[in-house]
Number of protein chains: 2
Amino acid sequence: MNLVTIAQASAATGVSAKMIRHYESIGLIRAPVRTENRYRHYNEADLHDLGFIRRARDLGFSFEDIRQLLDLWRDKGRSSAEVKAIALRHIKELDDKAAQLAAMSRTLKRLAESCHGDARPDCPILEALDKPAPAGGCCNP
Amino acid sequence: MNLVTIAQASAATGVSAKMIRHYESIGLIRAPVRTENRYRHYNEADLHDLGFIRRARDLGFSFEDIRQLLDLWRDKGRSSAEVKAIALRHIKELDDKAAQLAAMSRTLKRLAESCHGDARPDCPILEALDKPAPAGGCCNP
DNA sequence: GTTGACCTTGCCATGATGGGATACCTATCT
DNA sequence: AGATAGGTATCCCATCATGGCAAGGTCAAC
């Protein structure tokens, strides 16, 4: 059966032992078998799930999404449409978030460009944070 | 002096009353004067600071950054270089984060494109999450 | 004098992760 | 056998920004 300890499972999957226990506590993975001394021992299927979770997390999926994806993976009669729907929704979230960050960056870059960045105290960045009404004719007419 | 209650300060600045109290508790803003009944009352300078904070938060600055920006704003002998340095560092953080999200989105889009998205169970998205080694010749040679 | 709207403090929750404390188990070295 | 080292268990706390809820005080209007 090739049972491994939590540290070995961690090394094999790249998920910290701390997180492995956490996933168990929130029901994302099944509780593994315990030896007499109450140590957790993981089998191949457990390791697969942990790897699956890590790769999904690397793609930015939330635990709730991962829970569904894992369920779909286990369900051999799933429809790929369900998986794709989750992915497309997540892609939209990622893109929205990225666009938000890009907008902040753009605004800030514009301000930073017009800032001398020397010993003088006057600074358009502070002025922008200062102004009572950020809306106006300058940006979104 | 035009003193206003916390709800009015909230309405005027767009910062929730909850957050205003929180900012006070972490020392981001000064404790306002209290009336006899212990109600907080904010003056013009307080409102300015709250507006400043909200605009800085809208640009994604952390509280620690905002603390420094507020200090710089109050210091009339500041050098704009200091402000610009904070802004440039933050711009880099924003861009890094956006790039990270974009990379996730790109990977996921590639997978989603090759997924039928119909009633059939086979799905490249699940396969990608499945595979033991995500590194390989397909992406980063 | 009651109702409703506002204010106060304090605790808990999020999401994903890390840190630390304390205690137990096991293996190795002296 | 005793000491030392290291892995494991559980539990609590912290992050960061924000919201919710509860219990109680205060004020104005009806």
Side-chain angles (χ1 to χ4, degrees), chain A residues 3-29 31-42 46 49-50 52-70 89-90 93-94 96-97 100-101 104, chain B residues 3-29 31-42 46 49-70 90 93-94 96-97 100-101 104:
Chain A
L3 293 177
V4 301
T5 68
I6 196 168
Q8 292 167 325
S10 171
T13 60
V15 181
S16 72
K18 202 89 182 182
M19 276 294 99
I20 295 178
R21 294 195 195 95
H22 181 58
Y23 294 165
E24 180 186 333
S25 81
I26 64 173
L28 190 53
I29 57 174
V33 299
R34 302 274 189 136
T35 52
E36 308 143 12
N37 45 17
R38 303 206 26 80
Y39 286 14
R40 291 169 177 83
H41 272 83
Y42 297 90
D46 295 331
D49 287 359
L50 286 172
F52 185 101
I53 290 168
R54 194 186 64 70
R55 287 182 289 274
R57 284 233 37 78
D58 286 349
L59 287 175
F61 283 108
S62 71
F63 284 173
E64 201 38 53
D65 283 344
I66 296 176
R67 203 185 302 268
Q68 294 180 18
L69 289 171
L70 258 180
R89 191 185 37 64
H90 183 50
E93 285 169 4
L94 290 170
D96 287 353
K97 194 73 187 293
Q100 218 174 353
L101 296 178
M104 293 177 187
Chain B
L3 293 176
V4 301
T5 68
I6 197 168
Q8 291 167 324
S10 171
T13 61
V15 182
S16 73
K18 199 88 182 183
M19 277 293 100
I20 295 178
R21 293 194 196 95
H22 181 58
Y23 293 167
E24 179 186 335
S25 80
I26 64 172
L28 189 53
I29 58 174
V33 299
R34 302 276 189 133
T35 52
E36 310 142 11
N37 44 18
R38 303 206 28 81
Y39 285 13
R40 291 171 176 83
H41 272 83
Y42 297 89
D46 294 331
D49 286 0
L50 286 172
F52 185 101
I53 291 169
R54 194 187 62 72
R55 286 182 288 275
R57 283 232 38 79
D58 286 349
L59 287 173
F61 284 106
S62 70
F63 283 173
E64 200 38 52
D65 283 344
I66 296 176
R67 203 186 301 270
Q68 294 180 19
L69 290 171
L70 258 181
H90 183 49
E93 286 169 5
L94 290 170
D96 287 353
K97 193 73 188 293
Q100 219 175 352
L101 297 179
M104 292 176 186

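Chain naming here is simple, since letters A, B, ... match the order of the sequence lines and numbering starts at 1 in each. The structure presented is a predicted model; accordingly, all values stated were derived computationally and were not measured.
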d([atom1], [X]; [atom2], [N]) in whole Å:
| X | N | atom1 | atom2 | value |
| --- | --- | --- | --- | --- |
| A:Q8 | C:dT26 | CD | C1' | 14 Å |
| A:I53 | C:dT17 | CD1 | P | 11 Å |
| A:I66 | C:dT17 | CD1 | C1' | 14 Å |
| B:Q100 | C:dA16 | CD | C1' | 14 Å |
| B:E24 | C:dC7 | CD | C1' | 13 Å |

Practice item. Take B:V15 and B:I53 through the test side chain to side chain contact (heavy atoms under 4.5 Å, CB included) and record every step on the way to the result. Key: CA-CA 9 Å; B:V15 182; B:I53 291 169; 5.7 Å; no
Output one line per pair: protein atom, nucleotide atom from nucleotides 10-13 of chain C, and distance, for all N/O pairs under 3.5 Å.
residue: C:dG10; atom: O6; partner: B:K18; partner atom: NZ; Å: 3.0

Study note, to complete from the structure: By nearest-heavy-atom nucleotide on DNA chain D, the more 5' of A:R38 and B:M19 is A:R38
Check your understanding: Which residue, A:Y39 or B:S62, contacts DNA chain D at a nucleotide closer to its 5' end, judged by nearest heavy atom?
Key ->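 Nearest-nucleotide comparison on DNA chain D picks A:Y39.
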Within the pair [X] and [N], is there a side-chain N or O less than 4.0 Å away from OP1 or OP2?
| X | N | value |
| --- | --- | --- |
| B:T5 | C:dC6 | no |
| A:Y23 | C:dT17 | yes |
| A:R54 | C:dT17 | no |
| B:R34 | C:dT9 | yes |
| A:N37 | C:dT26 | yes |
| B:R21 | C:dT8 | yes |

Check your understanding: Charged N to carboxylate O below 4.0 Å: is that the case for B:E24 and B:R21?
Key -> no
Point to revise | salt_bridge(A:E93, A:R89) N-O dist < 4.0 Å | key: yes
Non-hydrogen side-chain atoms of [X] and [Y] separated by less than 4.5 Å:
| X | Y | answer |
| --- | --- | --- |
| A:T5 | A:Y42 | no |
| B:Y39 | B:R34 | no |
| A:L94 | A:L59 | no |

Check your understanding: Between B:R40 and A:S16, which has a closest nucleotide on DNA chain C that is more 5'?
Key ->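 Per heavy-atom nearest nucleotide, the more 5' residue is B:R40.
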Practice item. Output, in order, the C-alpha distance, side-chain angles, deciding distance and verdict of side chain to side chain contact (heavy atoms under 4.5 Å, CB included) for A:L3 and A:V33. Key: CA-CA 9 Å; A:L3 293 177; A:V33 299; 4.3 Å; yes
Point to revise | Nucleotide interval of DNA chain D bounded by contacts with chain B (heavy-atom cut-off, under 4.0 Å) | key: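 Contacts span D:dA17 to D:dC27, reading 5' to 3'.
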Point to revise | CD1-CZ distance between A:I66 and A:R54, expressed to the nearest 0.5 angstrom | key: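 With rounding to 0.5 Å, CD1 (A:I66) is 11.0 Å from CZ (A:R54).
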Review point. Taking the six-membered ring for Trp, are B:F63 and B:H22 parallel (under 30°), tilted (30 to 60°) or perpendicular (over 60°)?
Key: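 Taking B:H22 first and then B:F63, their aromatic rings sit tilted (interplane angle of 30° to 60°).
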